[in-house]
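All chains are named by letter (A, B, ...) in the order of the sequence lines, taking the proteins before the strands, and each is independently numbered beginning at 1.
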Protein chains: 2
Amino acid sequence: MATEQPGPVCVPASGVFRRELIKQLRAQDTFGRWSGKNDEELLAPYVLSVERRRELPLMADPDVLTVWRLEMFYNAVSLCIESATGIMVTPVVKLHAEGFGRLVLLAGRLAAVSKTLREVHRFGFSSLHALDEAGEKIIAEAIQMIERFPLVAEL
Amino acid sequence: MATEQPGPVCVPASGVFRRELIKQLRAQDTFGRWSGKNDEELLAPYVLSVERRRELPLMADPDVLTVWRLEMFYNAVSLCIESATGIMVTPVVKLHAEGFGRLVLLAGRLAAVSKTLREVHRFGFSSLHALDEAGEKIIAEAIQMIERFPLVAEL
């Protein structure tokens, strides 16, 4: 538990999620291939224009890199929830065929986040700002769930 | 909700789990390849002697059929929890490399069951009786969890 915060947990400040996502991505760069990229360049593959989205076919399984980006996104979300609440959060992403799947962010026995994934082939956001907003929204909702059912989250 | 049971939910009688598992397996037999097999023959691959277990190497990914058997096992467990409590249960099985993974049986926002999977290559039981016992134990624990946190399970 976060001992320094006895009252209700604060939702992380704006920018915290993006920093965590960048940290997650850079941590995977074991060969330094992206060391010349700045943060915006690193996040660029998360941005999909409407035209680009439409071009991506929804057949067969999603691209490995797209799935990896989705996993990094939810890893960063999990870590932000964890630092805000002091409760360990485990992401469980299960993809079925054709880009469908299920995502659960587990805090103890509580599914702080539970989502059906669809069209994973087209996982992306209209802008970096939309990426931040999406991450921050999920984090805020998860923190609310954990505050509502602390006993289950601490199991 | 099971309207006919206003009091505490009863753990299913012995035999209920095995019947559900057989039903699950037979439902997958779309070409009638197993119609000549009796129930014991159908369940036989779930039984692994100590010697057979030791022989199975723990390298690379588990056999597809073993993973399928594991999924059928937890599908049957989920359906038994569902009929006892009236709450829909979704199994989420995520396997990582080398036979490690995570299993969550979700009832609403409650992880009625949450397990780390290990040595999935060797998923099996010493006897049919041990198979029944394992299924029934998980079902009983999950029902207990749902009774403890009904609000979360009904979310």
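For A:Leu155, the part sitting under 4.5 Å from any heavy atom of chain B is the side chain, from C-beta outward, and nothing else. If you measure heavy-atom distances from A:Leu110 to chain B, the contacts under 4.5 Å come from both the backbone and the side chain.
Salt-bridge annotation for A:Arg19 and A:Asp39: absent, with no side-chain N of the basic residue lying under 4.0 Å from a carboxylate O of the acidic one. Classification of A:Glu141 and A:Lys137 as a salt-bridged pair holds, one side-chain N sitting under 4.0 Å from a carboxylate O. Between A:Glu20 and A:Lys23, at least one side-chain nitrogen of the basic residue sits less than 4.0 Å from a carboxylate oxygen of the acidic one, meeting the salt-bridge criterion.
Between B:His96 and B:Lys94, the closest heavy-atom pair is CE1-CE, 3.8 Å. Between A:Glu41 and A:Gly36, the closest heavy-atom pair is OE1-O, 4.0 Å.
Between the side chain of A:Thr66 and the backbone N or O of A:Pro62, no donor-acceptor pair lies under 3.5 Å.
Of the residues listed (A:Leu106, A:Leu103, A:Val104), the one engaging A:Val113 in a side-chain contact (heavy atoms from CB on, under 4.5 Å) is A:Leu103, and it is the only one.
Residues of residues 120-127 of chain A lying within less than 4.5 angstrom of chain B, judged on heavy atoms, are absent.
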